[in-house]
Structure formats: structure tokens, C-alpha cells
Amino acid sequence: MELGTRAVHVFNEPFGEGSWPLSVPLVQSSAFAFDSAAELADAMAGPDGRYVYGRRGNPTVRALEQTLAALEGGEGAIAFASGMGAISGVLLALLRPGDRVVAQSCLYGGTHAVLTDLAERYGIEVVRISGDDPAELEAAAVHPATRLLVLETIANPTGRVPDLPGLLAAARALGVTSLVDNSLASPVLCRPLELGADVVVHSTTKYLSGHSDVLGGAAVFADGALRRRVWPRTVELGSCADPFAAWLTLRGLPTLPLRMREHCANAAALAERLAARPEVTAVHHPWRPDHPTYATARKVLAGGGGLLSFELAGGREAGRAFIERVRLAKLALSLGGVETLVAHPASTSHRELDAGALRAAGIAPGLVRMSAGIEDVEDLWSDVEQALSRPEQGLSRPEPALPRPERALS
Ligand SMILES: *Cc1c(COP(=O)(O)O)cnc(C)c1O
């Protein structure tokens with residue numbers, strides 16, 4: 001079945017006396033009762049037996065796991081309470097002290113923070129690569145303790161796309177397990193397991209659920225044996241998905257292909273119009289021919305994605321002014337929902353970085369990130385235009401000297 005059909009029709013199980021509910025039932029039960037001790041003991045054997053206790057499994061959560069596995073082309077999945085729950089759960093399950101991790105340098109802030117903690121507290125070495133050349137991985141993996149390669153399909157907010165086919169093939173040849181965060185692409189634009197990845201992780205908070213009403217995460221495994229190895233660790237961590245969160249995510253999935261089409265079209269149109277404006281000095285979107293990883297993106301992705309960023313000539317003050325002047329778009333630190341969101345990293349998520357550190361992170365002071373929603377593009381453009389062209393209206397107030405956030409997230 002094609003992806004659009006899979007998104008609608010994966011769950012197909014009888015419920016009760018042979019009747020098929022069209023919507024997946026929400027089973028809001030923390031525990032399940034048995035007739036005999038033997039049956040209960042038998043059910044505790046692994047992740048796929050009968051349901052025992054909510055932290056080990058739940059019918060609604062399992063329906064989500066089966067759907068995500070079908071969409072990504074994996075042998076199984078584990079749903080988590082959040083994207084970070086999935087990422088830290090898989091890292092803790094797979095890594096041991098002394099291991100080496102090879103990671104793309106521009107990872108999501110939360111993933112960067114977990115890897116930094118693991119390096120500081122558990123003696124795990126983290127080696128950074130650009131992601132543009134498999135030779136970087138081959139050079140880093142000469143170390144025999146190299147265990148894991150960590151990549152993101154589309155980096156945030158730069159829109160960089162790593163050479164997934166080359167890197168994943170190299171990882172396989174070297175015996176290094178590979179993990180790809182596919183949150184920004186979704187299985188509609190890229191299925192890393194089909195390119196050779198071992199594990200795909202998601203913040204289902206973003207495009208998969210798509211309506212900014214649920215926090216969730218998932219790990220999808222190419223090989224069922226790896227899933228069975230990771231699963232007991234996640235039961236210990238207790239970072240399982242809540243049934244209602246799983247139900248909301250399932251509620252969003254059938255429209256994922258439709259929503260992605262609109263996100264991609266709106267982002268590409270906004271990127272093109274922004275690039276023609278004198279206030280804008282650079283636009284970053286994977287689908288733009290002047291993007292440094294454009295050739296790779298065209299090979300790896302089925303669309304440019306809904307996230308774009310652009311740099312304002314007026315620098316830091318102009319960036320902050322823009323996010324405070326938009327009316328339709330909202331200033332919020334998330335992405336992938338039906339509504340358009342804007343953020344200005346230099347004055348919010350990355351404000352603990354000075355100019356040099358910002359430059360090293362590839363973030364210009366005037367850089368604005370935009371998650372294109374599915375609104376009518378002409379309304380979005382009117383909003384962007386009015387926010388760009390009101391320089392006479394100064395900022396609402398000067399940037400206050402707030403305490404620095406502990407870590408750059410999002
Ligand atoms: C948001 C995000 C995460 C973290 O997910 P949460 O659901 O917020 O825990 C991880 N990776 C990427 C790429 C994200 O955008």
C-alpha cells in the first residue's frame with residue numbers, strides 16, 4: 001500500500017464481539033486483569049504478549065506503534081512520552097561507558113544536551129561531523145569502541161540535509177548502529193530505514209500529531225530484535241506514552257500526507273517571496289537551489305519540508321521586532337503544527353550564546369525561524385509583509401536582561 005493509504009488503514013483489529021471500530025479505541029486503563037497466574041506470568045515475557053501494566057504496553061499505544069512502524073517501513077516501534085523520551089531512552093539503552101558516538105554537529109538542542117551529559121558523566125566520547133561526507137564517519141570510526149551514528153534528516157534551523165545514503169551505508173559496513181531523527185521530514189518526505197538506518201526517532205509532538213495538542217515521541221526499528229533489546233530499558237525508565245496522547249497522535253496521522261503537502265508548499269512559497277525582499281539577506285530552505293545541501297536534499301527528500309529560516313539585514317533587533325510584529329503567525333517554540341509559528345533564536349532559545357558562539361552554531365543574529373502552517377498562503381504573506389515593513393513602529397519594549405536559560409532547547 002502507498003503511504004497515504006497506510007496512514008489511514010493500518011489499524012484493523014476486531015474489538016469486542018467481532019465488530020471493527022473505525023476509530024482506534026482509547027483504552028484508558030493502567031492495568032489489565034487475568035483469569036490465572038499462569039496466564040499473567042506468560043504475558044510478562046516480552047513487548048508483544050497480552051497487556052499487563054500500562055508502562056509495559058497498552059492497546060491504544062500499540063496501535064500507534066504499529067502505525068508508525070508501517071509508515072516508516074520498520075519491524076516495530078516503541079512510543080514514548082515525548083521526543084526527548086525517545087531519544088534519551090534509545091541512547092541510554094544502546095550506549096555503555098567508554099563508547100564513542102559520532103554525531104552530526106547541528107543536532108537538536110535537547111539531543112546535543114543529552115550527548116553532552118553522557119560525555120561528562122558516563123565517559124562516552126562524542127565526535128562531531130558535518131554530515132556532508134561519509135569519509136568523516138570512516139575517519140571517526142577507526143576507534144574500535146564506535147557504537148552509534150546520530151543524524152537528523154533536516155537540521156533545524158539551517159535546513160541542512162546530511163548525505164544519508166552515503167553515511168548510512170558506511171555505518172552499516174563499519175558495524176556502527178545508526179539513529180536518525182526524522183521529526184522534521186516525517187515519513188512522507190523521507191524514510192531513513194529504507195536508506196539503511198537502524199533506528200528512526202520522532203518527536204511526534206511535531207508533524208506526526210500535527211495539531212499542537214499533544215507531546216509524544218517514538219522510536220522505530222528496522223530490526224525487531226533491536227526493538228526487543230531496547231524495550232526492557234524503556235520499561236525501566238518509565239518514559240512510556242500515555243494512551244490519550246497516543247490516541248491524539250493516531251487522530252492526526254491519517255491527514256499527515258495532506259498536511260505535509262501544504263506545509264511544504266507554503267514554506268517554499270514564503271521562502272521565495274522572502275528572498276525577493278530587500279530587508280532579507282539570506283533564506284534557508286532545503287528546496288532552494290542556493291542552499292548548500294540542495295543536491296543532497298533533492299536526492300533524499302520528497303519535498304522541502306515546512307521549516308524555513310531567514311536573516312534580516314537589521315540584525316538582532318530586526319529579528320526580535322519581526323517576531324513581535326506578526327499577528328497571524330504566533331511566537332512559540334515549537335514546529336510542525338497546523339498554525340504558523342515564528343521564533344528568533346538569538347533573543348530566545350539561544351540567548352545564552354554570544355555573537356561568536358552564535359556564529360559557530362550557524363545562527364545569524366537576525367535569523368528568524370518559521371514553521372509554515374497550513375493557512376492560506378496569501379494571508380500568511382500579508383502578515384509577513386506587514387511585519388517586515390513597519391520599521392517606523394519600534395519595538396514594544398527594550399530587550400530585558402533576563403536570566404540565561406540553562407540550555408539552548410528547540
Ligand atoms: C522537538 C524536537 C525534539 C524533541 O521532542 P519533544 O517532543 O519536544 O521532546 C527532538 N528532535 C527534533 C528534531 C525536534 O524538533
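Both ligands and their constituent atoms are indexed starting at 1 by order of listing.
Note that CG of L179 is 9.5 Å distant from CD of E152, once rounded to the nearest 0.5 Å.
In this structure, N156 does not count as a contact residue of ligand 1, since none of its heavy atoms falls inside 4.0 Å of the ligand. For I87, the closest heavy-atom approach to ligand 1 falls below 4.0 Å. Residue G336 places no heavy atom under 4.0 Å from ligand 1.
Residue pairs meeting the ring pair (Phe, Tyr, Trp, His ring centres under 6.0 Å) criterion with at least one partner in residues 268-293, sequence neighbours excluded, do not occur; the list is empty. Sorted by first and then second residue, the ring pair (Phe, Tyr, Trp, His ring centres under 6.0 Å) pairs with a member in residues 246-274 read Y207-H263; sequence neighbours excluded.
At least one N/O-N/O distance between D181 and ligand 1 falls below 3.5 Å. Considering backbone and side-chain atoms alike, L335 places every N or O at 3.5 Å or more from each N or O of ligand 1. In terms of N/O distances under 3.5 Å, ligand 1 is approached by S203.
Atoms of ligand 1 lying under 4.0 Å from any heavy atom of G83, numbered from 1 in the order shown and given with element: 5 (O), 6 (P), 7 (O), 9 (O). In summary, the atoms of ligand 1 found under 4.0 Å from a heavy atom of G216, numbered by their order in the structure, are 7 (O).
A side chain to side chain contact (heavy atoms under 4.5 Å, CB included) with T153 is found for exactly one of L301, V200, L195, L189, namely L301.
At a threshold of 4.5 Å between non-hydrogen side-chain atoms, the residues V101 and L118 do not count as touching.
Using modelled atom types, one finds no donor on one side chain facing an acceptor on the other under 3.5 Å when comparing D163 with T296.
Looking at L184 against ligand 1, only its side chain comes within 4.0 Å, counting heavy atoms.
Within a 6.0 Å sphere centred on OH of Y53, heavy atoms belonging to other residues, nucleotides or ligands number 12 at most.
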